[in-house]
Amino acid sequence: MSLTNAPDPSIRQAVVRQDLENVLHPIVQHKALEARQIVVTGAEGSTIYDADGTAYLDAMAGLWCVNIGYGRAELAGVAAEQLRQLAYFPHTAMNVPAAALAEKINELMGGGYHTYFVNSGSEANEAGFKIARQYMKHEHPQHYRFKTVSRYFSYHGTTLATLDAGGMGERKAKFEPYSGDFVHVAHPYCYRCPLGLDYPSCGLACVKNMETTILGEGPETIAEVLVEPIMSGVGVAVPPDEYLPEVEKLCRKYGILLHVDEVINGFGRTGKMFAHQHYDIAPDIVAIAKGISSAYLPIAATVVKNSVFESFYGEVSENRQVGQVNTYGGHPVSAAVAVRNIEILEGEKLAERAADVGAYLLDGLKGLMKKHSVVGDVRGKGLLLGVELVKDRTSKEPVGPQAITAVADFCRENGLLVGRSVGGRRYGNTITMSPPLVITRSECDRIVETLDRALSTVNFS
């Protein structure tokens with residue numbers, strides 16, 4: 001693995017001398033962030049360096065995305081070579097790197113898929129909504145099938161439509177009202193079952209709730225069901241193994257498309273190339289981003305089954321083509337970097353590594369439950385993990401926002417960057433982790449040790 005070095009001290013000092021006041025504050029507009037800014041000047045492996053030369057173990061891989069780790073200098077060479085050959089041309093014509101990437105994605109999906117390139121996970125899901133709606137107009141012209149069924153406390157992006165699709169009320173509230181095109185159902189969060197039941201005696205009541213909603217809305221009004229295999233933002237909620245297969249059965253029963261959001265889950269994060277592959281399902285639409293290039297350059301995609309793609313095939317006069325244009329979609333430089341990123345993922349067996357090292361880290365985190373009563377639940381799959389903190393294990397009352405912030409702050413002050421769930425006042429009490437897939441067992445030990453000290457230090461009363 002080719003890694004860059006920590007930043008040169010002269011560069012660090014130059015950054016420190018910059019006036020950051022006008023650079024940062026207009027962006028964040030959040031007083032609580034003013035005292036916490038880290039000016040990142042370098043990174044390698046699972047470690048980032050700030051302008052003062054302080055090293056931090058990044059247990060979040062940026063924003064759940066730097067899957068192959070930092071400092072892969074060879075990707076700069078891939079980008080430079082492609083820039084010299086062809087920097088850009090719109091997708092009114094194909095380019096070689098994008099074609100190679102689409103072919104590779106189809107292979108990773110098991111075959112039978114077409115790919116449409118965009119720039120971000122939000123755009124990938126947004127394009128999925130549009131494809132589902134237009135598909136239904138083609139296939140069911142007698143019905144107005146436009147609704148998307150998604151789950152409460154889900155996260156699918158930051159555009160207006162993806163915010164509406166997501167089920168996080170506090171994130172959505174600032175931009176209301178919405179169109180009402182997205183219908184929400186109970187989420188599979190077994191530790192805090194929204195239906196007040198216990199698994200497995202519940203009989204997957206959350207799936208029954210989904211079917212009741214589909215019937216209540218009318219299947220003839222539903223275009224798709226949208227799910228993230230493992231819900232990340234709410235605190236890494238891992239569903240029962242039979243949940244997604246049962247959701248897929250519902251979709252097939254009522255002629256509804258299954259749209260799977262793999263933006264965070266994908267590209268080795270959960271121990272397989274895509275999280276839905278743990279559950280042996282075949283989605284109709286898949287949104288991918290983040291790990292597709294490990295964030296070395298922006299690129300994302302909406303991937304659809306051939307059976308869906310074929311609905312859009314026809315003469316121009318038939319107007320069956322998807323009404324979707326993207327200036328930078330399939331950008332040749334980003335695509336070339338993504339192809340090499342996937343070669344690294346496969347060549348170094350990083351999905352398998354995520355399964356192995358993730359199990360080791362999960363076991364270490366579960367050990368915290370024996371030492372700290374504030375740890376209510378530890379869960380995860382591969383290197384996508386959450387530690388939920390509660391005031392009382394019996395009542396499962398969440399710790400307050402000040403306490404969870406104090407834990408994250410303690411970790412940062414001791415050289416560890418962790419995340420926290422973004423489920424709002426009710427579900428904002430989970431420490432989240434999605435480290436680079438190259439993380440070592442000794443670095444996992446450091447995560448557990450630092451969290452152990454944080455839990456021993458912070459006042460949770």
Side-chain angles (χ1 to χ4, degrees), residues 60-69 101-128 154-157 162 226-233 236-239 244 248 258-305 334-335 337-355 358 380-385 432-438:
M60 282 302 297
L63 278 176
W64 325 74
C65 54
V66 189
N67 289 16
I68 63 170
L101 180 56
E103 183 177 357
K104 188 62 182 178
I105 291 168
N106 179 51
E107 175 192 322
L108 295 176
M109 291 280 183
Y113 286 88
H114 271 71
T115 297
Y116 176 78
F117 290 112
V118 291
N119 305 302
S120 70
S122 296
E123 289 179 63
N125 279 316
E126 187 96 19
S154 61
Y155 176 80
H156 300 291
T162 54
L226 171 63
V227 295
E228 192 181 20
I230 297 171
M231 297 176 72
S232 53
V236 188
V238 183
L244 280 176
E248 184 183 46
L258 178 57
H259 176 165
V260 171
D261 180 348
E262 289 271 5
V263 171
I264 288 174
N265 286 198
F267 294 97
R269 170 62 53 198
T270 68
K272 288 188 179 290
M273 191 58 71
F274 299 104
H276 72 263
Q277 293 170 338
H278 288 285
Y279 307 105
D280 195 27
I281 64 170
D284 302 294
I285 300 171
V286 185
I288 56 176
K290 293 189 185 289
I292 189 174
S293 68
S294 291
Y296 276 74
L297 280 175
I299 190 168
T302 307
V303 187
V304 301
K305 266 186 183 176
S334 294
V337 167
V339 169
R340 182 62 190 132
N341 170 72
I342 293 171
E343 290 173 353
I344 292 169
L345 282 167
E346 291 190 302
E348 297 182 11
K349 299 185 183 302
L350 293 184
E352 294 88 339
R353 181 183 177 85
K381 190 177 284 289
L383 283 169
L384 183 61
L385 305 128
T432 58
M433 285 155 280
S434 66
L437 308 188
V438 297

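- In this structure H259 satisfies the side-chain hydrogen bond (donor to acceptor under 3.5 Å, both in side chains) test together with N125, E224, sequence neighbours excluded.
- Note that the CE atom of M109 and the NE2 atom of H276 stand 5.5 Å from one another [nearest 0.5 Å].
- Taking the side-chain hydrogen bond (donor to acceptor under 3.5 Å, both in side chains) definition, one finds that S334 meets it with nothing, sequence neighbours left out.
- The two residues P229 and A275 come nearest to each other via the heavy atoms CB-CB, 3.7 Å.
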- Message: Using the rule given for side-chain contact (heavy atoms from CB on, under 4.5 Å), can you reason through L258 versus V227, listing the C-alpha separation, both sets of side-chain angles and the distance that settles it, and then say yes or no?
- Response: CA-CA 8 Å; L258 178 57; V227 295; 4.2 Å; yes
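- Here the straight-line distance linking atom NE2 of H156 with atom OG1 of T162 works out to 9.0 Å at 0.5 Å rounding.
- Shortest non-hydrogen contact noted between M60 and M433 is SD-CA, 3.7 Å.
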- Message: Between L385 and V236, does the side-chain contact (heavy atoms from CB on, under 4.5 Å) criterion hold? Intermediate values first, please.
- Response: CA-CA 6 Å; L385 305 128; V236 188; 5.6 Å; no
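- Smallest separation of non-hydrogen atoms from A61 and S434: CB-O, 3.1 Å.
- Residues satisfying the side-chain contact (heavy atoms from CB on, under 4.5 Å) test with T115, not counting sequence neighbours, are A102, I105, F117, A301, V303.
- With sequence neighbours excluded, no residue forms a salt bridge (charged side-chain N to carboxylate O under 4.0 Å, His left out) with E352.
- Legend: residues meeting ring pair (Phe, Tyr, Trp, His ring centres under 6.0 Å) with H114, ordered by chain and number and at least two apart, are F309.
- Evaluation of the side-chain hydrogen bond (donor to acceptor under 3.5 Å, both in side chains) test over residues 294-305, restricted to residues two or more places apart or in two chains, returns S294-N341.
- To the nearest 0.5 angstrom, L244 atom CG is 11.5 Å from D280 atom CG.
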- Tell me, with the steps shown, if Y116 and V304 meet side-chain contact (heavy atoms from CB on, under 4.5 Å). CA-CA 8 Å; Y116 176 78; V304 301; over 6 Å; no
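- Remark: Y155 OH to D261 CG distance equals 9.5 Å, nearest 0.5 Å.
- With sequence neighbours left out, S232 forms a side-chain contact (heavy atoms from CB on, under 4.5 Å) with W64, E228, I264.
- Rounding to the nearest 0.5 angstrom, the gap separating the CD1 atom in I68 from the CD1 atom in I342 is 10.5 Å.
- A335 pairs by the side-chain contact (heavy atoms from CB on, under 4.5 Å) definition with P97, A98, L101, I299, not counting sequence neighbours.
- Counting all heavy atoms, side chain and backbone alike, P239 lies closest to I230 at CD-CG1, 4.3 Å.
- With sequence neighbours left out, Q277 forms a side-chain hydrogen bond (donor to acceptor under 3.5 Å, both in side chains) with no residue at all.
- Take R340 and apply the side-chain hydrogen bond (donor to acceptor under 3.5 Å, both in side chains) test, not counting sequence neighbours, and it matches E74, E343.
- When all heavy atoms of V66 and A295 are compared, the closest pair comes out as CG2-CB, 4.4 Å.
- Taken to the nearest 0.5 Å, the CG atom of L350 stands 8.5 Å off from the CE atom of M273.
- Contact detail for L108 and F274: the closest heavy-atom pair is CB-CE1, 3.7 Å.
- Partners of A354 by side-chain contact (heavy atoms from CB on, under 4.5 Å), not counting sequence neighbours, listed by chain and number: L383, L437.
- Applying the salt bridge (charged side-chain N to carboxylate O under 4.0 Å, His left out) criterion to E248, with sequence neighbours excluded, gives R252.
- At least one donor-acceptor pair under 3.5 Å links the side chain of R269 to the backbone N or O of P435.
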